[in-house]
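Below you will find the structure I want to go over with you.
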Amino acid sequence: MLDVVVTAGGRPGRAAVVQMDDIQLGTCGPVIEDRTSGLLYWLLPPETASTCGYQGFGLCIGAPYTLTLPALDHTEPPGPCWLRPCVSDRLVPPQQLRPLLYKVGPLPDSPSAVQAHLAATEVLGHPAEVMAR
């Protein structure tokens, strides 16, 4: 069980990933890129969504929602793919991600646009409304 922060991708999102690589001394924790929607999915420790208080740059999603992850070897489109792979116990640290995202600013169109995308593509396996944090 992991929590996810959904942000915009593109150049700002990729710049944030590169900076997180530096913060995590090599390669940042797992990030899924969906080029079709222009979104990034940052995988965080469980329970982050209940305490993170993220605002402004994306959505923080946790239980009871589920995200269908791409196959571990799926690193190129089509479809969502790993921009940074899921490696052993390495996750994106929320206490370092939050200030980085505020600084770099990979902003999605709006929380409601992200919610609509997630609901339309059934990325999340739970029918209830996704809450913006």
Show the nearest heavy-atom pair for residues Cys60 and Leu44, with the distance to one decimal.
SG-CD1, 4.4 Å
Joint hydrophobic cluster, Val18 plus Met20, side-chain heavy atoms closer than 4.5 Å
no
N/O donor-acceptor pairs under 3.5 Å from side chains in residues 21-29, not counting sequence neighbours:
residue : atom : partner : partner atom : Å
Asp21   : OD1  : Cys28   : N            : 2.8
Asp21   : OD1  : Arg84   : NE           : 3.0
Asp21   : OD2  : Arg84   : NE           : 3.2
Asp21   : OD2  : Arg84   : NH2          : 2.7
Gln24   : OE1  : Gly29   : N            : 2.7
Gln24   : NE2  : Leu91   : O            : 3.1

Results of side chain to side chain contact (heavy atoms under 4.5 Å, CB included) for Leu72 - residues two or more places apart only
Trp82, Cys86
Roughly how far, to the nearest 0.5 Å, is the CG atom of Leu97 from the OH atom of Tyr102?
10.5 Å
Can you tell me how far apart OG1 (Thr48) and CH2 (Trp42) are? Round to the nearest 0.5 Å.
14.0 Å
Does Pro85 have any side chain to side chain contact (heavy atoms under 4.5 Å, CB included) partners at least two apart in sequence or in another chain, and if so, which?
Val87
Inter-residue atom distance Glu33.CD - Thr75.OG1, 0.5 Å rounding
11.0 Å
For Arg90, all residues meeting salt bridge (Lys or Arg N to Asp or Glu O under 4.0 Å), sequence neighbours excluded
none
To the nearest 0.5 angstrom, please state how far the OG1 atom of Thr7 sits from the CG atom of Leu39.
7.5 Å
With rounding to the nearest 0.5 Å, note down the distance linking CG in Asp34 to CG in Leu83.
12.0 Å
Looking at Val5, Val31, Leu69, which one forms a side-chain contact (heavy atoms from CB on, under 4.5 Å) with Leu43?
Leu69
Minimum heavy-atom separation for Ala16 and Leu101, please, with both atom names.
CB-CD2, 4.0 Å
Measuring from Arg35:CZ to Glu76:CD, what's the distance to the nearest 0.5 Å?
6.0 Å
Taking every heavy atom of Pro80 against every heavy atom of Pro70, the minimum-distance pair comes out as O-CB, 3.5 Å
